[in-house]
**Q** 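A single structure is presented below for examination.
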Amino acid sequence: MDAALDFELTQRLLDQVGAAGFDAAEVVLTERAMTEMQIDAGDISLLRNTQNIALVLRGIALGRYASVHLNQLDPDSVRAGIEQLRQAAQSAPVDTARAFAAPHGRLVRDTGPAQAELEPMHARISEFAAEVQRRHPQVKLEQAMLQFDRTRQLRANTLGLRVDASQGVYDGQAMFSAEQGTRRSSFNYSGACALDMRAALLGWGGLQRLIESSQRELDHVAFEGKFQGSLLLTPECVFSLLDPWLAHLGDDRLIAGTSRLRGAIGKPVASNLLTLRVDPDSTAFVRREFTTADGYRSLPSTLIEAGVLRSFMLSDYGARKTGLPRAPNAAQNRIVEPGDTPLATLIAQVPRGLLMQRFSGGGPAANGDFSGVAKNSYLIEQGRLGAPVSEIMVSGNLFEMMNSISGISAESVNDGVTAVPWVRVEGITVAGK
Amino acid sequence: MLDLSTLSSRLSARPGGYSELRYQENRDTRLMLLNGQLVNNLTQSSRGVSARAFDAGYWGFSSHSMATPAAAMKALDEAGRNARFLASRSAKSAHLAAAPSTRFDRSHASDARALPPGAWIDFLKALDAWIAATYPGLQSRSLTLASLDMEKQFANSDGTLLRSMVPRAHIAVVLTAPSSHGPVQYREVRGGLGQLHDQISPDPASHHAWIDQVHAIACAKSDGVLPRSGMHDVILDPDLAGILAHEAVGHTTEADIVLGGSVAGQCLGQRVGSELVSLVDFANTCNGVTCPQPVHVDDEGVTARDTLGIDRGVLRTFMHSRETAAHFDQPATGHARAFLFSDEPLIRMRNTAILPGTSKLAAMIESVDEGYYLTKPANGQADTTGEFMFGVSTGFEIRGGKLGRRLRETTISGVAFEMLKSVSMVSDDFSWESSGYCGKKQPMPVGMGGPALKCRVHVGGQ
């Protein structure tokens, strides 16, 4: 059944959930249309379009909570979904921390293009393949995708919350490696978002730099030996190690009581060089965050200010469970503040270390110990960027690492969602064969 | 549910190249207790119809969440239009390997009556209460029940008709114990092919012995050490051999990754491992027993067959879609699968395993003077260079042929074909790991298995 997506529909759904015995309910209805062009092994291979509806029903009945996700709106499917919700809530324990977001005025947002422009998309992705081939003939595009995504999300709950948020975004991603005879580089990948097809794909985010590097990495040598030294993380690599640390600010660890940062608000948790902010809905970004996962209007915040922890990253449920403040956003649009030091100087200051462009490792341990392979990496010796290296592992501890940040570049890369500079840390064990 | 058999005649009647329709529904349940709090109580269903068309070397794809005959025909028209859009702008030479038409209809749905959702919440609450009472010193505990049913119908212009339902269900426990060097965590998971009530006993007491073991290991990790980083002789427990087969070898031999630059592209017919190493990607049955992810006919209508990837150390074949099979002039192997109705089929592993040998695990450990016995895997990744990585959540030092101190987390890596050539012993054990998801453009449930192996790898640590 083709139902019009509007607040009349969400109200009917709320009424149906209420009639099933729920005293509080929320409906999140998302319509998504996606168009994608894909390159495989260097050639355009696929044009794909998808249309989907996602319906999330959440309900609280006498303090018992459940959620059901479906992607159908016909009456039979909705009835069956509500019945599943009722049964799931029946045996849930009473949890007074479950609640829905209070209304904050009707939020209506609509950004980005309304639909994909197929001809410009085709022109840009063809140009991308041709330019990579022309400039870097040894680089092979294993896969590249140019996607246009248009979503509209309606959220309504029994407290009166109403959100109507739409966004259209182009997203380009590529995975590539270099090959010449029997020599190969590690694969790498990157991408960025945009609001239009005006700029050539090769200029998006850090793609050009990483693809150029891929060709140089053909000359990689297997590293032998072991040392403790500096690790310079490229913008694309920073959150590989920062995200597991940030997990200690989130629901799971704080509720479980295993966070190592629980009592750390207002205390130094990192080098004073580090400031990490979140600026949702900033025009500096393409893919923006309008509300948190709970439906609160997203507001800017500072997570770390000159090394001092200012905020956790808790949902509404996590905040009520722990008694700690709710995060004012979902931390999508993150900004690591750039420093004062040019990248060239960050390198020149290193007696012995590694420039790491990609980290491939197991999940860090609960105490922050980590180890993994430093991919697409270069030795730094006596302040000079040396040979690309392979078969090289790095290990350390995330908490020690955050306190050992010794430099942050003045240069930064904005991929349309985050803005990140180069970050140098000390005391990392680097080991080869 | 949409019945594609009523629409299949309209596929073969269409002009142009190959086309296919797929109706798919994924049904998930996820329940999670964290320190006794029900933090996840989710039931999820995603269904819809998709179409793919192959025209002059290009693919067009379209999907809709409305699962009606009209939506199916609309998707078919759009898929055809998408393929023609690409074909009209540049020429391309690509073909599809033949796949004789076939019919297959098999559901692995349980015959037993499902328990109501509330019963599983009550089960978790009782088990959690027992853990809290029995092990009060734990810093945290979590229990997760997860199930995924993947139901598909498929029809193509070759005349193939497929109906299948493949379910899997697991229970995972994560215990966190305090230690002098910060909290230590240990996770184990059980389950496999089947629905929740097939795989998981709803009697909490039946899980107590298992959780006792998990607790013992978590506590032992509290006193654990980090390994010394560098190249070492290691014994990989059967639990690890499967992820090794998947990451170190499997991915490098997926034909799309071969075309994208994998080192395996130059190694067909060459020795890539010791004579002790044979690797098979099983389609659906191994030694008469159904594999964790049985595939009989894939999402391109190809009858799935076992592929002998490595035969006594020699690389024999890649894993193919119909397009890559034609490119390499090899038969199609039945490796194309899609995760959601809105996903296109990609080359995916199915049940990848190293075959058992003849050695005994105890003798293998005794044979190592200084090294490690690694027992539990975490996530992993493969590279075009053949370098692999996977996380290891625990193991033991080996000193003088004897097990020593317990290990905390580490990561191991190596160059796959060098590591395989270093394999000097293979045990006569075998076990499947069935809870894993393979990442690529889409997630996908996979099975991974193997015996214990003795080899040399790069171990991360201090």
Side-chain angles (χ1 to χ4, degrees), chain A residues 40-41 43-53 65-72 84 87-88 90-93 95 118 122 140 142-143 177 179 182 184-187 226 252 255-258 260 321 360-369 371-373 375 390-391 393 395 429 431 433, chain B residues 34-35 37-39 41-47 58-65 78 82 85-86 89 92 116-118 121-122 139-140 176 181-185 226 229-231 256 259-261 263 266 342 344 378-379 381 383-385 387 389-391 408-411 413 458 460-462:
Chain A
D40 285 293
D43 287 326
I44 295 177
S45 60
L46 168 71
L47 172 54
R48 171 170 165 248
N49 59 267
T50 70
Q51 168 279 329
N52 198 19
I53 297 275
Y65 169 86
S67 70
V68 163
H69 296 206
L70 32 145
N71 73 330
Q72 306 293 317
Q84 280 179 323
Q87 287 187 18
Q90 219 166 28
S91 283
D95 189 346
L118 272 191
H122 187 265
K140 197 167 224 180
E142 180 179 329
Q143 196 168 72
S177 61
E179 181 183 337
T182 56
R184 266 168 187 75
S185 72
S186 287
F187 77 82
K226 186 171 171 177
D252 281 355
I255 292 173
T258 57
R260 299 198 77 179
K321 245 5 222 189
S360 175
N367 70 346
D369 288 340
S371 64
V373 184
K375 297 282 194 179
S390 57
E391 299 182 62
M393 293 187 81
S395 55
T429 301
K433 284 178 139 178
Chain B
L34 177 59
N35 286 359
Q37 314 293 322
L38 187 66
V39 295
N41 182 8
L42 169 66
T43 310
Q44 183 164 247
S45 161
S46 170
R47 69 173 189 261
Y58 291 95
W59 287 104
F61 180 99
S62 176
S63 72
H64 291 275
S65 55
E78 288 167 348
N82 287 345
F85 176 94
L86 295 179
R89 279 149 183 81
K92 183 175 176 183
I121 294 176
D122 291 338
Q139 204 166 335
S140 86
T176 306
H181 38 74
V184 289
Q185 203 166 70
L226 290 174
S229 58
M231 291 296 288
D256 52 347
L259 288 170
V263 65
Q266 296 179 329
S342 51
E344 77 278 21
N379 57 308
Q381 194 177 60
D383 199 341
T384 42
T385 55
E387 189 174 33
M389 171 287 296
F390 53 90
R408 303 194 327 250
E409 279 82 358
T410 187
T411 301
S413 70
H458 192 168
Q462 291 174 320

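Chain identifiers are assigned alphabetically (A, B, ...) following the order of the sequence lines, protein sequences preceding nucleic acid strands; residue numbering begins at 1 within each chain. The figures here come from the full heavy-atom set of this structure, side chains too, leaving out hydrogens, waters and symmetry mates.
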**Q** Please identify, among B:T411, B:T384, B:T410, the residue contributing the most non-hydrogen atom pairs under 4.5 Å to chain A.
**A**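 Looking at each of B:T411, B:T384, B:T410 in turn, B:T411 comes out on top.
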
**Q** Within the side chain of A:Q51, is there an N or O that forms a donor-acceptor pair under 3.5 Å with the backbone of B:S65?
**A** yes

**Q** Relative to chain B, which segment of A:Q84 carries a heavy atom at a distance below 4.5 Å: side chain, backbone, both, or neither?
**A**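 Looking at A:Q84, just its side chain touches chain B.
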
**Q** So which of B:Y58, B:F390, B:F85 has the largest heavy-atom pair count under 4.5 angstrom toward chain A?
**A** B:F85

**Q** Keeping the roles fixed (side chain from A:S91, backbone from B:D122), state whether a donor-acceptor pair exists under 3.5 Å.
**A** no

**Q** Taking B:S62, B:A378, B:P116 one by one, which has the highest count of heavy-atom pairs under 4.5 Å against chain A?
**A** B:S62

**Q** What distance separates A:S371 OG from A:M393 CE, expressed to the nearest 0.5 Å?
**A**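 Spacing of OG (A:S371) from CE (A:M393) equals 5.0 Å.
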
**Q** Taking every heavy-atom pair that is under 4.5 Å apart, which of A:G368, A:S390, A:A365 has the most such pairs with chain B?
**A**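 Of the candidates given, the most pairs with chain B belong to A:A365.
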
**Q** Using a cut-off of under 4.5 Å on heavy-atom pairs, state which of A:L118, A:L47, A:I44, A:V68 scores highest against chain B.
**A**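 Among the listed options, the one with the most contacts to chain B is A:L47.
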
**Q** Go through the atoms of A:T182 and report whether side chain, backbone, both or neither lie under 4.5 Å from a heavy atom of chain B.
**A**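 Both backbone and side chain.
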
**Q** Please rank A:S185, A:G372, A:P93, A:S360 by heavy-atom pairs under 4.5 Å with chain B and give me the top one.
**A** A:S360

**Q** For each of A:G361, A:A66, A:G257, tally heavy-atom pairs with chain B at distances under 4.5 Å, and name the one with the top tally.
**A** A:G361

**Q** Checking heavy atoms, do the side chain of A:D369, its backbone, both or neither come under 4.5 Å from chain B?
**A**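 It is the side chain, since no backbone atom gets that close.
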
**Q** Please determine, among B:V263, B:L34, B:T43, B:T385, the option with the most heavy-atom pairs under 4.5 Å with chain A.
**A**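 The option with the most such pairs is B:T43.
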
**Q** Would you check if there is a donor-acceptor pair between the side chains of B:T176 and B:S140 at a distance under 3.5 Å?
**A**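 Side chains of B:S140 and B:T176: pair found under 3.5 Å.
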
**Q** Keeping B:N379 on the side-chain end and B:M389 on the backbone end, is there a donor-acceptor pair under 3.5 Å?
**A**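 The answer is no, because no donor-acceptor pair under 3.5 Å joins these two groups.
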
**Q** Can a salt bridge be assigned to the pair A:R184 and B:D383 using a cut-off of 4.0 Å between side-chain N and carboxylate O?
**A** no

**Q** Mind checking the CE-CD spacing from B:M231 to A:E391? Nearest 0.5 Å is all I need.
**A** 7.5 Å

**Q** If you measure from CG on A:L46 to CG on B:L86, what distance do you get to the nearest 0.5 Å?
**A** 7.5 Å

**Q** Tell me, for A:D95 versus chain B, whether the close heavy atoms (under 4.5 Å) come from the side chain, the backbone, both or neither.
**A** side chain

**Q** Rounded to the nearest 0.5 Å, how far does OG of A:S177 lie from NZ of A:K375?
**A**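 A:K375 NZ to A:S177 OG: 11.0 Å, rounded to 0.5 Å.
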
**Q** Which one, A:K140, A:R260, A:E179, leads in non-hydrogen pairs under 4.5 Å with chain B?
**A**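 When all of A:K140, A:R260, A:E179 are compared, A:K140 has the most.
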
**Q** As an exercise: rank B:Q44, B:R47, B:E78, B:E409 by heavy-atom pairs under 4.5 Å with chain A and give me the winner.
**A**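 Looking at each of B:Q44, B:R47, B:E78, B:E409 in turn, B:R47 comes out on top.
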
**Q** Name the member of B:G118, B:G261, B:G391 that forms the most heavy-atom pairs with chain A at distances under 4.5 Å.
**A** B:G261

**Q** With chain B, which of A:A92, A:G363, A:S67, A:A41 has the greatest number of heavy-atom pairs at distances under 4.5 Å?
**A**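 Option with the greatest count: A:S67.
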
**Q** So A:T429 and A:K226, side-chain contact (heavy atoms from CB on, under 4.5 Å) or not? Walk me through it.
**A** CA-CA 7 Å; A:T429 301; A:K226 186 171 171 177; 4.0 Å; yes

